[in-house]
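One structure is given below, encoded as C-alpha cells.
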Amino acid sequence: MNNYVQSVAMQPSWMARTTLNDIGQLIQKSTWQFEEDINLTDKVNLSDVQETSVTRIKCTEKYNTWQEMIACQVYQLCCDKSSSEFTKQEFLDRFENDLDKRWPGRKDIEGTVVHCLGVMRKNNQLEQLSRDSYRLLDERSVQGLDVQTSHDVLTTEKNRDSYNVDSIIKDGCFLPKAKIEKTLERLEAKKNIILQGPPGTGKTWLAKRLTFALIGQRDDSKIRAVQFHPNLSYEDFIRGWRPSGEGKLTLVDGPFMEMIKTAIDDPESKYVIVIEEINRGNPAQVFGEMLTLLEADKRSPNEALELSYRKTAGERIYIPSNLYVVGTMNIADRSLALVDLALRRRFAFIDLEPILGKAWRDWVRDKNGIDSEFLDNIEQRISALNDEITKDPSLGAQFQIGHSYVTPAVGMDITDAKEWFVEVVETEIGPLLDEYWFDDLEKSRKAQKRLTEGLQVYAS
C-alpha cells in the first residue's frame, strides 16, 4: 500500500474524502511498478500520507478532445499545487508545450485554453476569481477521465480504415491522380473550396470522398451536408430565434454553428461541412459575419466576432482551423446570379469537366460487364455532342454532358447495353437538351437521334 500511496500528491482539503477506488481510476499502474496488489475498495485518508510527489495522469485514445484534456490537466495542476486555485499562466507554463506536441500546427493554444476554461466555468466546474485566476469547484467532473499529458502514448487506432487519394481512384474517380492531390492541397491551405462544373461531372460524389481523404478515413460523423436553396437564411444556417415547446422563442444554433462548436472541442480531428449547390442561396446573406471568419488567416480566437444573435453578453465566435468547407456549384444553371466577389475571394474554385477515356471505359467494363468497343462508341458520340454544345454561342463549355450520365451504378444488372444507353438518352440526356435548346427543339431532337442511331447491340 505504501508503494502505491507515495506516488500520490498531497491533495487539497476538498479531496480528503476521496476513496482509493476514485484514485485508482485516475492513476495508471503503467507509471510505477507495484510490489503488491491493492484492494481498490479500501478507504484512504490522504492527510496521513507522509511523502509528496507529482501526480501522474495518463491519457489514452478515449480522451483526446481539448475539453476533456484541459479539464483533466486542470485537475492534475490542482493536485500538484495542493490547492484548488490556479492561474492561466501557471496552466500554460505546465502544459502548453505538451499540447503543442499533441496537436502540432494549432495557431492559438492559449486562446483555445481560455475558451475551454470558459466552458468549464459555465458548467460550474470552475469559479473565475479574476481575469486570469480560477478555482476548481467540482473535482468529480474530471474524476474517471483517463489522462496522461504525453504525446507518445497516442495509439494508431485512428489509422483504421484509412482513406487517401488512391482510395478515391479505387472508388471510381476518373480524374488524374495529380489533380486530386492538388485539390486536396488547396483544401488544406485555403480551408474552403468549391467544386464547379457542368451537370453530371460528379461534384457531390467527389466532395464526399475528398473529405474522407482529408480526414484520413471514412468517417461520416465528421461530415455535415447542407443543401443551399433560395429560402435558406442566416437564421437557418448560423443561428436564429425558433419557437420552443413552451410557446416562447429561443435562440437555436444552425448546422454551421454546431459544426464550429464540435470542431473547437476536438481540435485533433478534421471536420468538414459540405454545402450542396452553394450558389442556389445567397451566400453573403446566409453566412453573414461568418464570411469574414472563413479566411484561412482568421481561424483563431483572436479574430473572433460577435454574432447578430448572441446567447450571452460579449459572446464572440471564431471558426477553428480544423473546420473545412467544401461547396459544389452547377455552373450550367442559368437561373442563378453570379457568385458574390467576397465569397469568391475566400474559396478556391476547382473546375470539373466530363471525363471519358480509358479510365472510364475500364471502370464500366469491369463493374458492369459492358463491351469496351460499345463504350468507345458511346464516348465518341457524347464527345461529339459536347463539342457541339461548347461551340453553341447560347451555351458553352459549362453546359456539357457529364460522364455520370453514362456511368452505371456499380453492380447494376445491364443485360442489354444498347437498351440501357437508349433509356439514358430518352429519360436523362434528352430532357436536358430540350431545356438547353428550348427555343429550337428540332435541334435537340437531332442531337438525341445522333446519340442513338446506328448503335449495334452488345450483350453483357
Side-chain angles (χ1 to χ4, degrees), residues 172-176 178-180 182-183 186-187 190 192-210 227-230 232 274-284 286 325-357 359-360 378-407 424-425 427-448 450-451:
C173 182
F174 311 131
L175 285 171
K179 180 162 185 176
I180 302 175
K182 186 65 176 179
T183 301
R186 294 301 297 140
L187 180 56
K190 190 72 174 178
N192 319 300
I193 66 169
I194 289 179
L195 305 177
Q196 62 177 7
T201 46
K203 298 180 289 294
T204 299
W205 184 93
L206 181 60
K208 187 169 186 177
R209 282 155 182 81
L210 284 172
Q227 174 78 49
F228 269 22
H229 54 81
L232 190 72
V274 177
I275 303 176
E276 299 281 1
E277 304 291 357
I278 192 170
N279 58 331
R280 280 196 169 276
N282 184 336
V286 172
V325 181
V326 177
T328 68
M329 189 165 70
N330 184 355
I331 57 177
D333 196 329
R334 287 180 284 200
S335 67
L336 304 177
L338 294 176
V339 175
D340 187 278
L341 291 178
L343 183 76
R344 282 195 174 277
R345 186 166 64 84
R346 290 166 172 84
F347 281 80
F349 285 76
I350 309 297
D351 290 320
L352 299 181
E353 300 175 347
I355 303 175
L356 296 171
W360 169 77
I378 289 179
E379 179 181 345
Q380 294 175 20
R381 293 170 187 243
I382 295 293
S383 296
L385 174 61
N386 281 336
D387 286 342
E388 181 180 4
I389 291 173
T390 300
K391 294 175 183 177
D392 191 309
S394 63
L395 297 176
Q398 67 267 31
F399 291 89
Q400 295 180 83
I401 304 300
H403 52 273
S404 296
Y405 285 99
V406 289
T407 306
V424 169
V425 172
T427 63
E428 299 179 49
I429 298 177
L432 186 62
L433 296 179
D434 287 344
E435 183 179 337
Y436 286 175
W437 288 306
F438 67 94
D439 56 349
D440 190 354
L441 291 180
E442 183 61 26
K443 188 173 185 178
S444 173
R445 298 290 185 269
K446 289 179 179 179
Q448 294 176 51
R450 287 194 294 271
L451 285 175

* Any side-chain heavy-atom pair of Ile275 and Ile194 under 4.5 Å -> no
* Passes side-chain contact (heavy atoms from CB on, under 4.5 Å), Arg346 versus Val325? Steps please. -> CA-CA 10 Å; Arg346 290 166 172 84; Val325 181; over 6 Å; no
* Under 3.5 Å: donor-acceptor pair, side chain of Gln400, backbone of Ala397 -> yes
* Asked: With a cut-off of 6.0 Å (strictly less than), are more than 12 heavy atoms of other residues, nucleotides or ligands near NZ of Lys208?
  -> no
* Separation of Ile350 CD1 from Lys190 NZ (nearest 0.5 Å) -> 11.0 Å
* **Pro199 and Tyr405, any side-chain heavy atoms less than 4.5 Å apart** => yes
* **Lys203 side chain to Gly327 backbone, donor-acceptor under 3.5 Å** => no
* Structure fact -> Closest non-hydrogen atoms of Ile401 and Leu433, given as atom of the first, atom of the second and distance, are CD1-CD2, 4.3 Å
* Asked: Heavy-atom distance under 4.5 Å between the side chains of Leu175 and Leu206, does that happen here?
  -> yes
* Looking at side-chain heavy atoms only, is the closest gap between Glu435 and Pro431 below 4.5 Å? -> no
* To do: Find the distance between CG (Leu352) and OG1 (Thr183) and round it off to the nearest 0.5 Å.
  => 7.5 Å
* Could you walk me through whether Thr407 and Phe174 pass the side-chain contact (heavy atoms from CB on, under 4.5 Å) check? -> CA-CA 11 Å; Thr407 306; Phe174 311 131; 4.1 Å; yes
* Please answer whether the main-chain N or O of Phe399 pairs with a side-chain N or O of Tyr436 as donor and acceptor at a distance below 3.5 Å. => yes
* Asked: Is there a side-chain contact between Leu232 and Arg280, using heavy atoms and a 4.5 Å cut-off?
  -> no
* Asked: Looking at Thr328, Ile278, Asn279, Asp351, which hits side chain to side chain contact (heavy atoms under 4.5 Å, CB included) with Gln196?
  -> Asp351
* Asked: Is a side-chain N or O of Arg381 found less than 3.5 angstrom from the main chain of Arg450, in a donor-acceptor match?
  -> yes
* Structure fact -> When rounded to the nearest 0.5 Å, the distance separating CD1 of Ile389 from CG of Leu432 is 7.5 Å
* Asked: Between Thr201 and His403, what is the shortest heavy-atom contact and its length?
  -> O-CE1, 3.7 Å
* **Nearest atoms (heavy-atom pairs only) where Phe349 meets Met329** => CE2-CE, 3.8 Å
* To do: Output the distance between atom CD (Gln398) and atom OG1 (Thr390), rounded to the nearest 0.5 Å.
  => 8.5 Å
* Under 6.0 Å from the NZ atom of Lys182, do we count more than 12 heavy atoms belonging to anything else shown? -> no
* Atom pair CD (Glu276) and CG (Asn330), whose distance is rounded to the nearest 0.5 Å -> 11.0 Å
* To do: Drop me the distance from Asp440's CG to Arg445's CZ, to the nearest 0.5 angstrom.
  => 10.5 Å
